[in-house]
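Each remark here refers to the structure printed beneath this line.
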Amino acid sequence: MDKQLILVGVRGKHTQILFGPAQPQAVGTEKSKLARSGNWKNWVFEIRTPAGYANKKILNPKHD
């Protein structure tokens, strides 16, 4: 079985699944496409496994 990953967008304390689950190559392509679009300023993109996202929503929380 191939590993499935998701693309997560993080802004402050808000997280949102943006793409996936999908193959790693597809998730990487989508991440670069979203980063170049300019519509996601101030967002941090994380490529995660669905199980890892369920356990911990934000890897590096930004303290306000």
Side-chain angles (χ1 to χ4, degrees):
M1 183 176 136
D2 292 328
K3 189 173 213 170
Q4 297 286 306
L5 298 174
I6 57 173
L7 178 62
V8 178
V10 179
R11 185 175 185 181
K13 295 182 181 180
H14 174 75
T15 63
Q16 182 174 341
I17 296 176
L18 303 175
F19 184 76
Q23 297 294 324
Q25 296 85 1
V27 175
T29 302
E30 188 67 22
K31 177 182 177 183
S32 63
K33 188 172 25 170
L34 290 176
R36 284 184 306 217
S37 74
N39 294 331
W40 296 90
K41 290 187 179 190
N42 300 322
W43 285 77
V44 176
F45 299 116
E46 297 177 351
I47 296 176
R48 312 274 304 274
T49 62
Y53 178 72
N55 288 336
K56 188 169 183 181
K57 300 284 185 193
I58 301 176
L59 291 178
N60 299 313
K62 189 175 187 179
H63 300 289
D64 295 326

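Residue numbers start at 1 and run along the sequence shown.
Between the OG1 atom in Thr15 and the CH2 atom in Trp43 there is a gap of 8.5 Å [rounded to 0.5 Å]. Leu34 contributes atom CG, which lies 5.0 Å from atom CZ of Phe45 (distance to the nearest 0.5 angstrom). Interatomic distance, NZ of Lys31 versus CG of Leu5, reported as 11.0 Å (0.5 Å rounding). The CD1 atom of Ile17 sits 10.0 Å away from the CG atom of Leu7 when rounded to the nearest 0.5 Å.
Shortest non-hydrogen contact noted between Ser32 and Thr29 is OG-O, 2.9 Å. Heavy-atom minimum distance, Pro50 versus Gln4: CD-O, 3.5 Å.
In this structure a side-chain-to-backbone donor-acceptor pair under 3.5 Å is missing from Arg11 to Gln16.
Looking at Glu30 and Leu18, their side chains never come closer than 4.5 Å, going by heavy atoms from C-beta outward.
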